[in-house]
Amino acid sequence: MRTHLCGVLRAGDAGTTVRLCGWVGRRREHGEHLAFVDLRDHSGIIQCVIDNSVDVRSEWVIAVTGTVRPRPDGTVNPGLDTGEIEIGDCTVEVLNEAEPPPFPVDDRTDADEPVRLRYRYVDLRRPRMQRNLRLRARVNAAIRAAMDRQGFCEVETPLLWAPTPEGSREFSVPARLHHGSFYALPQSPQLAKQLLMVGGVDRYYQIARCLRDEDLRADRQFEFTQLDMEASFATQDDVMGFVTEAVLNAAEAATGERPPDIARMTWADALDRYGTDKPDLRFAMELVDLTAAFADTGVKAFAAPVVKAIGVPGGASFTRSRLDQLTEQAKRAGASGLAWFRVTAGPALEGPLDRFLSESERGRVLEKTGAGEGDLILAVADVYRTACTVLGMLRNALGSPPVGQGPHRYVWVTDFPMFDGVDASGNPQAAHHPFTMPYAEDLPLLDSDPAAVRSQAYDLVLNGWELGSGSVRIHRSDIQSKVFATLGITDADAEARFGFLLGAFRYGAPPHAGFAFGIDRLAAILAGEENIREVIAYPKTQSGADPLTGAPSPLPAATLAELGIRVVVPPGP
RNA sequence: GGACCUGUGGUGCAGCUCGGAGUGCACGCCGCCCUGUCAAGGCGGAGGUCGCGGGUUCAAAUCCCGUCAGGUCCGCCA
């Protein structure tokens with residue numbers, strides 16, 4: 001039907017007779033003897049010159065037959081990849097007429113998202129969306145190539161699976177053949193892939209769809225895609241190496257440039273310096289410790305176990321109301337208060353608490369934060385964890401560029417605590433999941449000091465977004481029982497919840513470790529987007545609706561009956 | 001469950017504080033003119049439940065209350 005794509009023709013093709021197919025972009029008509037039609041397909045746009053009148057409209061689908069020729073002197077368009085040439089002596093065949101599009105099919109303006117999603121098939125024609133879809137396809141291909149090269153075997157796992165009562169809320173699917181029973185759509189192939197290790201697959205990977213019925217965000221959809229992988233007889237370092245290769249290969253395929261090797265940082269270090277377990281390394285503003293500076297202070301506000309601070313470049317110009325807002329934010333995040341000092345000429349400090357500071361305290365605040373004239377110093381005095389996380393939140397709020405902008409800064413965060421917080425019964429909660437292997441040297445602490453146990457769990461972070469996480473898994477039942485006991489899970493509980501996994505582990509489970517990272521997030525950042533919806537063909541809105549299809553929608557009574565489902569409609573107002 | 005922002009011809013905006021006739025800008029659409037444009041240009045025209053409901057008022061896009069939708073965030077996401 002066509003001989004070439006629109007966007008690939010160049011000056012070297014001059015003289016070639018071509019037949020092109022695509023959509024009508026802009027038209028520039030000069031009466032009945034001359035018209036220019038921009039013809040667009042996924043590869044780009046080329047100008048067709050019509051020497052008579054032609055009736056084509058915006059977004060009509062046409063085929064153009066003509067000859068590639070250089071443009072006359074002075075009419076070259078440097079803004080177009082095909083701008084040195086045009087198609088002359090055109091005959092136009094209308095393949096399909098079209099209504100005027102609901103919004104312009106170009107990248108200069110963005111229609112509102114509901115309109116874009118309702119007419120997604122039009123939105124996808126825009127160069128931006130074509131670029132994003134194709135970038136994502138290259139990312140997928142590069143990941144597959146890297147995993148294949150490293151000896152991994154692609155295996156598909158079920159979407160209809162057993163409910164697993166740990167972790168995030170799952171979507172349920174009624175079983176037609178077993179009324180009253182349900183499948184769950186898997187939040188991840190976690191248990192399936194561990195069973196593959198018992199099954200001797202050795203190195204498994206899958207570009208897997210995961211489903212979680214949790215509230216949506218800019219970086220979260222109900223359904224998302226992960227590179228899911230697991231390897232037998234592999235250490236933490238082995239897995240991090242496999243994943244690094246896949247991610248860097250994907251980044252190179254997307255951007256044309258291979259990033260340097262990925263830095264590492266312990267969880268404790270990330271919390272101490274950045275106040276978060278997903279540090280954004282694109283900017284500095286690191287947390288500094290002022291506890292020693294205020295060890296003997298007379299200032300009540302600083303009489304706390306820990307005093308930490310950040311310097312905000314240029315922040316001295318913040319208005320009082322802005323500072324009040326930041327204080328509010330800090331309090332909502334759990335701090336008892338927020339101390340601020342503008343750095344003025346001298347340098348000197350200016351702020352409500354300044355007059356209570358001793359000269360040496362002033363000096364050490366300036367020295368430790370490295371702040372200079374025009375900067376702002378924000379300090380939180382609290383218990384260690386709160387001081388860190390509140391300042392980490394403020395650091396991101398004040399310093400972090402949009403996630404898709406600037407350099408791509410990957411970092412491995414390692415040595416997570418095994419347990420984080422307590423559940424309603426006062427038992428420690430698993431920070432990663434209950435099959436995560438503690439460091440061998442920390443095993444004795446399971447009894448004495450569970451909070452101090454470090455696990456062999458690791459996250460991959462890019463520009464402050466968590467790309468994914470993984471761990472070395474427990475393959476020995478004695479350690480697993482010990483961890484379950486610490487979590488307050490009895491043997492009977494464990495058997496009921498994960499019996500099929502524990503059963504499998506009694507038949508020769510190899511030591512294994514794995515990882516999973518979000519391809520939507522990686523593709524979005526590599527595409528320079530701040531929202532994963534921009535790299536998903538048919539995303540849902542924040543309330544989980546699809547404006548294109550109208551989903552979710554009620555089911556016909558007959559369908560419900562077949563499934564054995566009776567709908568309880570909540571009482572109206 | 002909560003906080004904040006947004007909703008005005010097909011699209012993107014302004015108008016809202018300080019109430020006075022659906023007022024304005026750009027694009028698109030329809031018609032006519034135009035032989036080198038490229039966000040073509042010129043002339044003319046059509047197109048509106050100011051998200052929805054209620055209230056205040058002589059009078060509401062504008063003020064108040066409620067509600068719906070969309071977005072960002074908190075909670076949630078082992």
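Letters go in sequence order (proteins before strands), and every chain restarts at 1. Side-chain atoms are counted along with the backbone in the values below, which use heavy atoms only and exclude waters and symmetry mates.
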When the [atom1] atoms of [M] and [N] are compared, how many Å lie between them, rounded to an integer?
N: B:C29; M: B:C73; atom1: P; value: 36 Å
N: B:A26; M: B:C68; atom1: P; value: 38 Å
N: B:U57; M: B:G19; atom1: C1'; value: 9 Å
N: B:G71; M: B:G51; atom1: C1'; value: 15 Å
N: B:G53; M: B:A69; atom1: P; value: 16 Å
N: B:U72; M: B:C65; atom1: P; value: 26 Å
N: B:G24; M: B:U62; atom1: C1'; value: 16 Å

Check: Stacking check: are the rings of A:His30 and B:G36 less than 5.5 Å apart at their centres and under 30 degrees in tilt?
Finding: no
Taking only nitrogen or oxygen atoms into account, show me every contact under 3.5 Å that the protein makes with nucleotides 3-10 of chain B, one pair per line with its distance.
| unit_1 | atom_1 | unit_2 | atom_2 | d |
| --- | --- | --- | --- | --- |
| B:G10 | O2' | A:Pro102 | O | 2.8 |

Next item on the list: Go through the structure and list residues passing side-chain contact (heavy atoms from CB on, under 4.5 Å) with A:Glu223, not counting sequence neighbours.
Entry: A:Arg209, A:Leu211, A:Lys540
Side-chain donor/acceptor of [X] to base of [N], under 3.5 Å:
X: A:Arg220; N: B:C76; result: yes
X: A:Gln47; N: B:U37; result: yes
X: A:Asp110; N: B:G12; result: no
X: A:Arg69; N: B:G36; result: yes

Is the distance from OP1 or OP2 of [N] to the nearest side-chain N or O of [X] less than 4.0 Å?
X: A:Arg71; N: B:G36; value: no
X: A:Thr541; N: B:G70; value: yes
X: A:Arg118; N: B:U11; value: no
X: A:Asn77; N: B:G36; value: no
X: A:Arg28; N: B:U37; value: no
X: A:Arg26; N: B:C27; value: no
X: A:Arg169; N: B:G75; value: no
X: A:Gln542; N: B:U72; value: yes

Is any side-chain N of the basic residue among [X] and [Y] closer than 4.0 Å to the acidic one's carboxylate O?
X: A:Arg116; Y: A:Asp112; result: no
X: A:Arg385; Y: A:Asp420; result: yes
X: A:Arg322; Y: A:Asp324; result: no
X: A:Glu29; Y: A:Arg27; result: yes
X: A:Arg69; Y: A:Glu86; result: yes
X: A:Arg521; Y: A:Glu466; result: no

Touch class at under 4.0 angstrom, heavy-atom based, for [X] against every strand present:
X: A:Ser543; answer: sugar-phosphate
X: A:Asp213; answer: nothing
X: A:Glu328; answer: nothing

Item checked: Nucleotide forming a Watson-Crick or wobble pair with B:U67, both distances under 3.5 Å -> B:G51
Next item on the list: Quick one: look up who B:G10 pairs with, Watson-Crick or G-U, both distances under 3.5 Å, and put none if it's unpaired.
Entry: B:C27
Notebook entry, point to check: Which of the following nucleotides, B:C76, B:G36, B:U72, is nearest to the side chain of A:Glu86?
Noted result: B:G36
Checklist line | Pair A:Arg125-A:His42, side-chain donor/acceptor within less than 3.5 Å | finding: no
Checklist line | Rounded distance in Å - CZ (A:Phe222) to C1' (B:C76) | finding: 12 Å
Notebook entry, point to check: Got a sec, which residues hit ring-ring contact (aromatic ring centres under 6.0 Å, His included) with A:Phe517, two or more places apart in sequence or on another chain?
Noted result: none
